[in-house]
Asker: 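Before anything else, here's the structure in question.
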Amino acid sequence: MRIDIITVLPDLLQSPFNHSILKRAREKNLLEVNLVQLRDFAINTRKQIDDYQFGGGAGMVMMCEPIANCIDHLKKERDYDDIIYMTPDGERLTQKMSNSFSLKKNLIILCGHYKGIDERLRELYITREISIGDYVLSGGELAAAVLVDTIGRLLPGVLNDETSALFDSFQDNLLSPPVYTRPENFRELKVPEVLLSGHERKIQEWRHEKALERTKARRPDLLENED
Ligand code: ADE
């Protein structure tokens, strides 16, 4: 999969893709992340990419031409499955959405700043608008990093044990059950007996029960919208 990220702050996005699982995904050529500097597509020598908003009011708006030129340039090279705009007023990101993005071939992610992008770009170019939660970040870069992380780890061959992503929290609308490692006894707190029993079916049942308990207590909404 290839992901082109359009940003005015490419340096901010270097580190998240250079560690751990995403680094491995890139090294194995399962994921290619291409950072595109939006200012390279500015239409004046000041490298301007934002302007005052019509109608007045505080805050700048990201201009049409640099973003349109940048996306047109990328589209000349390949077809994209989606052009995603990271914005707090977008659809809230879910595991289900990441699962479906992980099946795509080429994506563009546009990181917004200031008051956001000119509405006409949303009409003309953007196919998905995604928020990572009900709070406002200073820009779309960290949100883009979150989105790419959730997608990258799902690509076949990225995780060592390919089945492990299937048991992540949210994959089946349940939070994960508690997990334990050595020692068996830590400050008088013991690992639940069943996990030491070697009895596979009982362990699975226990895990399911705990996952359900935890979901009911912490995120009952997940059990209500089972789709
Ligand atoms: N840009 C600013 N805040 C954001 C959010 N919560 N999600 C996605 N993009 C954003």
Side-chain angles (χ1 to χ4, degrees), residues 1-19 21-22 31 33-42 47-55 57-68 70-71 74 80-104 106-155 168-170 175 218-219 221-222 225:
M1 166 182 271
R2 177 184 166 113
I3 303 181
D4 289 274
I5 305 182
I6 303 173
T7 169
V8 282
L9 300 172
D11 289 350
L12 181 58
L13 281 170
Q14 289 293 346
S15 175
F17 308 127
N18 279 329
H19 297 278
I21 292 171
L22 288 194
L31 174 67
V33 180
N34 179 41
L35 302 175
V36 185
Q37 171 55 270
L38 179 61
R39 288 193 196 278
D40 292 346
F41 296 86
K47 302 264 177 210
Q48 182 188 1
I49 51 98
D50 60 333
D51 208 341
Y52 296 101
Q53 54 175 316
F54 281 122
M60 306 292 273
V61 175
M62 290 175 84
M63 299 160 66
C64 289
E65 297 93 330
I67 291 174
C70 181
I71 296 177
L74 292 172
Y80 288 91
D81 298 290
D82 269 310
I83 302 180
I84 303 168
Y85 172 46
M86 303 311 297
T87 174
D89 61 10
E91 235 184 308
R92 182 104 58 87
L93 179 64
T94 61
Q95 187 64 41
K96 204 169 158 203
M97 281 157 73
S98 297
N99 290 346
S100 101
F101 282 130
S102 75
L103 304 173
K104 312 278 184 187
N106 299 313
L107 296 173
I108 289 178
I109 302 179
L110 171 63
C111 303
H113 271 266
Y114 323 108
K115 280 273 169 208
I117 63 175
D118 188 298
E119 187 65 22
R120 292 164 291 185
L121 290 165
R122 295 168 88 145
E123 285 170 32
L124 290 172
Y125 286 95
I126 303 299
T127 59
R128 296 293 291 267
E129 305 192 331
I130 296 180
S131 161
I132 62 160
D134 290 344
Y135 38 79
V136 179
L137 300 161
S138 338
E141 282 75 11
L142 297 179
V146 167
L147 177 62
V148 174
D149 189 289
T150 64
I151 296 170
R153 61 193 297 284
L154 294 172
L155 301 174
D168 285 346
S169 278
F170 305 113
L175 300 181
R218 298 181 182 184
R219 293 291 308 275
D221 57 300
L222 291 177
N225 350 309

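We count ligands from 1, going down the list as the structure has it; atoms in each ligand are counted the same way. This is a predicted model, so every value here is computed, not measured.
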Asker: Counting distance only, does the side-chain N/O of Ser98 pair as donor-acceptor with the main-chain N or O of Ile151 below 3.5 Å?
Answerer: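 No; zero donor-acceptor contacts below 3.5 Å.
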Asker: Counting only N and O atoms by type, is there a donor-acceptor contact under 3.5 Å from the side chain of Asp118 to the main-chain atoms of Met63?
Answerer: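 No, because the side chain of Asp118 does not come within donor-acceptor range (under 3.5 Å) of the backbone of Met63.
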Asker: If only atom types and distance count, is the side chain of Glu65 paired as donor or acceptor with the main-chain N or O of Ala42 below 3.5 Å?
Answerer: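 No: the side chain of Glu65 does not pair with the backbone of Ala42.
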Asker: Hey, does Gly133 sit under 4.0 Å from ligand 1 if you only count heavy atoms?
Answerer: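 Flag set, Gly133 near ligand 1.
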Asker: Taking atom 9 (N) of ligand 1 as the point of reference, which of Val146, Leu147, Thr87 owns the nearest heavy atom?
Answerer: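 Closest candidate by heavy-atom distance is Thr87.
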Asker: Pairs of nitrogen or oxygen atoms closer than 3.5 Å, one from Ile132 and one from ligand 1: do any exist?
Answerer: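 Between Ile132 and ligand 1 (N or O atoms, distance only) the closest approach is under 3.5 Å.
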Asker: With a cut-off of 4.0 Å, which atoms of ligand 1 are near a heavy atom of Ile130?
Answerer: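 Close to Ile130: 8 (C).
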Asker: Nearest protein heavy-atom contact for atom 3 (N) of ligand 1: which residue, which atom, what distance?
Answerer: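 Result for atom 3 (N) of ligand 1: Leu137 N, 3.0 Å.
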Asker: Of the backbone atoms (N, CA, C, O) and the side-chain heavy atoms from C-beta on, which set of Ala143 has a member under 4.0 Å from an atom of ligand 1: side chain, backbone, both, or neither?
Answerer: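 Under 4.0 Å from ligand 1, Ala143 contributes side-chain atoms alone.
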Asker: Checking side-chain contact (heavy atoms from CB on, under 4.5 Å) against Leu110, which of Ile126, Asp4, Val36, Leu121 comes through?
Answerer: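 Going through Ile126, Asp4, Val36, Leu121 one by one, the side-chain contact (heavy atoms from CB on, under 4.5 Å) with Leu110 is satisfied by Ile126 alone.
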Asker: What residue and heavy atom of the protein are closest to atom 6 (N) of ligand 1, and at what distance?
Answerer: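 For atom 6 (N) of ligand 1, the nearest protein heavy atom is Tyr135 O, 2.8 Å.
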Asker: Return the residue, atom name and 0.1 Å-rounded distance of the protein heavy atom closest to atom 1 (N) of ligand 1.
Answerer: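 Looking at atom 1 (N) of ligand 1, the protein heavy atom closest to it is Pro88 CD, 3.6 Å.
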Asker: Quick one: are Tyr85 and Ile67 in side-chain contact, heavy atoms under 4.5 Å?
Answerer: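 Side-chain contact under 4.5 Å: no.
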Asker: When Ile132 is tested against each of Thr87, Leu137, Thr150, Leu142 for side-chain contact (heavy atoms from CB on, under 4.5 Å), which residue passes?
Answerer: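 With Ile132 as partner, Thr87, Leu137, Thr150, Leu142 yield a single side-chain contact (heavy atoms from CB on, under 4.5 Å), made by Leu137.
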